[in-house]
Amino acid sequence: MNTGIERISFYTSRYALDLKTLAEARGVDWDKYRLGLGQEVMAVPPPDEDIVTMGASAAKPILDELGCEGIDLLLFATESSIDQSKSAGLFVHGLLGLPSRCRVVELKQACYSATLALRMACLSVAANPRSKALVIAADVARYELRGPAEPTQGCGAVAMLVTANPAILALDEACGLHAQDVMDFWRPNYRDEAVVDGKASTRIYLHSLQQAWQHYREQTGRHLLDFSRCCYHSPFTNMACKAHKTLLKEEGIEDKDEEHIECQVGESLRYNRIIGNTYSASLYICLASLLDHASDGLDNQAVSFFSYGSGCMGEFFSGRNIEGYRQALYTAQHRDIIAHRTLLTVQQYEDIYNLTIPRDGWDYTFSQYRTGPYRLSGISGHKRRYEAVS
Ligand code: CAA
């Protein structure tokens, strides 16, 4: 029996910064961001938006269409936790009115955890094919102002409904794994910004990819050209291109030209280029981008995935697009969110970045910004208060 993705929907904030204006403000050549990193715009979360509001907003179109009957598992993947104890998934469970006979938990391993969530969701629906699982990944990528990672920030969420006999993508069982205890990127509990050894992180990402690919190949004997398209975790889009070139080299086919790389990887990077890093959601926003942009249709085509979470955990896996998958996409909604964002000035972006919210847990009300269907309205008695936006 096939298990996999029945629906996939993403959400990103209604505010964004054109990186050309950031390059000017920082005195950096715009081509470094545009061509060197492969990033053009980054999503900026307003103060009343967080992983809960973004996660619920990503899931809402799915539940509006299919309802929540049968969902007995909600897995929330994030590295931008808003509470050390309570799962962000339970806030979302409340906002979306999900059934009370449901397991809800939050998972963390940097940008990787959504992949474990997807795998666990498949196992759960395989055990009970009438059940459904909701996987949500949401993150805010935040680095120090004026640092080298600043132009790779972003925010967003993705929601995937996982079922038996899915409409969009069936996951293959084989997967290649690589785990290693390294310090390439991390965020101690007392910090809002990640600490990152940028150059080392890209080297470790590529090493992890090579190891996971080797493990996957040992099990399947498949080659890179067996896949119609390849999706990679994309902290910035050129990282995905570097990853693909690394595997082409491993396969002894590094003579493939840029046109080939664009064809196998390019469509998956369209959204990330104008959203930025979304950590745990990044790989699956790549998948949404691929599905929404694939020019020649991907019915019955094999797609590969590399999921990477610093620290580090890498997984190489694959799936097959289901015939007629296009009927199940939310392409118009995705394009609408992207097309109607408010562009910020650098000053407005820095003001939002620098806004400090009191940490004493007493009453605080958030000003209303543009958000999706849910917003964080305030904090009182150490409780976060969320509301639906009419
Ligand atoms: N025109 C065109 N290209 C230019 C250019 C110009 N004027 N100036 C520079 N470039 C190119 C450089 O040649 C370089 O290309 P290559 O990587 O192909 O050599 C690229 O632009 C970046 O330039 P630098 O290496 O000088 O950039 P930097 O050191 O200032 O910062 C970075 C790059 C280290 C990736 C930094 O953005 C960073 O720390 N990012 C966060 C960490 C990260 O994303 N790591 C990725 C792996 S870890 C992971 O994947 C988990 C996660 O999500 C964080």
Side-chain angles (χ1 to χ4, degrees), residues 17 19-20 22-24 26-40 42-43 77-80 108-115 137-158 178-187 191-212 231-246 248-249 254 258 261 265 268-269 271-273 275-286 305-316:
L17 179 67
L19 291 182
K20 193 170 185 187
L22 185 68
E24 275 161 21
R26 300 293 181 249
V28 172
D29 186 349
W30 158 230
D31 279 350
K32 176 174 175 177
Y33 296 169
R34 186 173 66 96
L35 303 173
L37 295 172
Q39 291 306 124
E40 293 180 15
M42 73 187 192
T78 188
E79 56 177 303
S80 316
K108 178 182 70 185
Q109 177 20 62
C111 309
Y112 166 76
S113 55
T115 298
D139 268 307
V140 175
R142 184 177 157 100
Y143 299 98
E144 281 175 353
L145 285 183
R146 297 178 185 79
E150 184 182 31
T152 70
Q153 295 176 117
C155 67
V158 70
H178 178 252
Q180 191 182 350
D181 178 9
V182 281
M183 296 300 279
D184 56 335
F185 165 107
W186 65 104
R187 185 168 68 82
R191 281 179 65 105
D192 289 331
E193 298 81 31
V195 188
V196 59
D197 185 343
K199 299 280 187 221
S201 72
T202 57
R203 276 197 308 276
I204 295 167
Y205 173 118
L206 295 177
H207 175 71
S208 182
L209 167 66
Q210 286 166 312
Q211 298 301 311
C231 296
Y232 297 90
H233 168 60
S234 296
F236 51 94
T237 64
N238 268 7
M239 189 73 232
C241 299
K242 279 179 203 280
H244 195 64
K245 284 179 190 161
T246 300
L248 288 172
K249 199 166 170 196
E254 65 266 41
E258 290 297 325
I261 295 170
V265 183
S268 70
L269 301 176
Y271 291 144
N272 293 56
R273 181 179 282 275
I275 291 176
N277 199 350
T278 53
Y279 293 161
S280 60
S282 157
L283 175 65
Y284 299 98
I285 293 183
C286 282
F305 299 90
F306 177 62
S307 176
Y308 177 76
S310 292
C312 74
M313 183 64 227
E315 179 165 339
F316 195 98

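For the single chain, residues carry numbers from 1 onward in sequence order. Whatever order the structure lists them in is the order used to number ligands and atoms, beginning at 1. Not measured: the values here are computed from a predicted model.
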Any salt bridge linking Lys108 with Glu79? Criterion: basic side-chain nitrogen under 4.0 Å from a carboxylate oxygen. no

When you measure from atom 2 (C) of ligand 1 to every protein heavy atom, which one gives the shortest distance, and what is it? Asp31 O, 3.5 Å

Side chains of Ser80 and Asp139: donor-acceptor distance under 3.5 Å anywhere? yes

Between His233 and Ser307, a side-chain donor and acceptor under 3.5 Å: no

Provide the number and element of each atom of ligand 1 under 4.0 Å from a heavy atom of Phe185. 54 (C)

Are a donor atom and an acceptor atom from the side chains of Thr115 and Tyr284 found within less than 3.5 Å of each other? yes

Report yes if some heavy atom in the side chain of Thr246 is under 4.5 Å from a heavy atom in the side chain of Gln210; otherwise report no. yes

Is it true that Glu150 and Arg26 have a side-chain N and a carboxylate O under 4.0 angstrom from each other? yes

shortest atom 35 (C) of ligand 1-to-protein heavy-atom contact is with Phe236 CE2, 3.5 Å

Consider ligand 1: state whether an atom of it lies below 4.0 angstrom from any non-hydrogen atom of Lys242. yes

Ligand 1 atoms nearer than 4.0 angstrom to some heavy atom of Asp29 are 7 (N)

Looking only at distance, does Thr202 have an N or O less than 3.5 Å from an N or O of ligand 1? no

Answer with side chain, backbone, both or neither: which part of Cys111 has a heavy atom less than 4.0 angstrom from an atom of ligand 1? side chain

Would you mind checking which non-hydrogen protein atom is closest to atom 28 (P) of ligand 1, with the distance to 0.1 Å? Lys32 NZ, 3.7 Å

Can you tell if the side chain of Gln39 reaches within under 4.5 Å of the side chain of Thr237, non-hydrogen atoms only? yes

Among Ser201, Ala243, Ser282, which one puts a heavy atom closest to atom 46 (C) of ligand 1? Ser201

Heavy-atom nearest neighbour in the protein, as seen from atom 39 (O) of ligand 1, with distance rounded to 0.1 Å: Gly198 CA, 3.4 Å

Can you tell whether the side chains of Glu193 and Arg142 come within less than 4.0 Å, N to carboxylate O? yes

Ionic contact status for Lys32 with Asp29, cut-off 4.0 Å: no

Do me a favour and list the nearest non-hydrogen protein atom to atom 44 (O) of ligand 1 with residue, atom name and distance? Pro235 CB, 3.3 Å

Heavy-atom distance under 4.5 Å between the side chains of Trp30 and Glu40, does that happen here? yes

Sub-6.0 Å ring centroid separation between Tyr232 and Tyr308: no

For ligand 1, which atoms sit closer than 4.0 Å to a heavy atom of Val196? 42 (C)

For ligand 1, is Trp30 a contact, meaning one of its heavy atoms is under 4.0 Å away? no

Mark whether atom 41 (C) of ligand 1 lies under 4.0 angstrom from at least one protein heavy atom. yes

Using protein heavy atoms only, decide if any is under 4.0 Å from atom 32 (C) of ligand 1. no

Against heavy atoms of Tyr308, which atoms of ligand 1 measure under 4.0 Å? 48 (S), 49 (C), 50 (O)

Where does Asn238 meet ligand 1, judged by heavy-atom distances below 4.0 Å: at the side chain, the backbone, both, or neither? neither

Atoms in ligand 1 with a heavy atom of Tyr205 nearer than 4.0 Å: 50 (O)

Considering only the protein, which heavy-atom contact is closest to atom 21 (O) of ligand 1, and what is its distance? Gly36 CA, 3.0 Å

Among all protein heavy atoms in this structure, tell me which lies nearest to atom 54 (C) of ligand 1, with the distance rounded to 0.1 Å. Tyr143 OH, 3.3 Å

Would you say atom 12 (C) of ligand 1 makes contact with the protein, given that contact here means a non-hydrogen protein atom less than 4.0 Å away? no

Applying a heavy-atom cut-off of 4.0 Å, say which part of Ser310 lies close to ligand 1: side chain, backbone, both or neither. side chain

How far is atom 29 (O) of ligand 1 from its nearest protein heavy atom, and which residue and atom name does that atom have? Lys199 NZ, 2.9 Å

Min side-chain heavy-atom separation Phe185-Tyr143 under 4.5 Å: yes

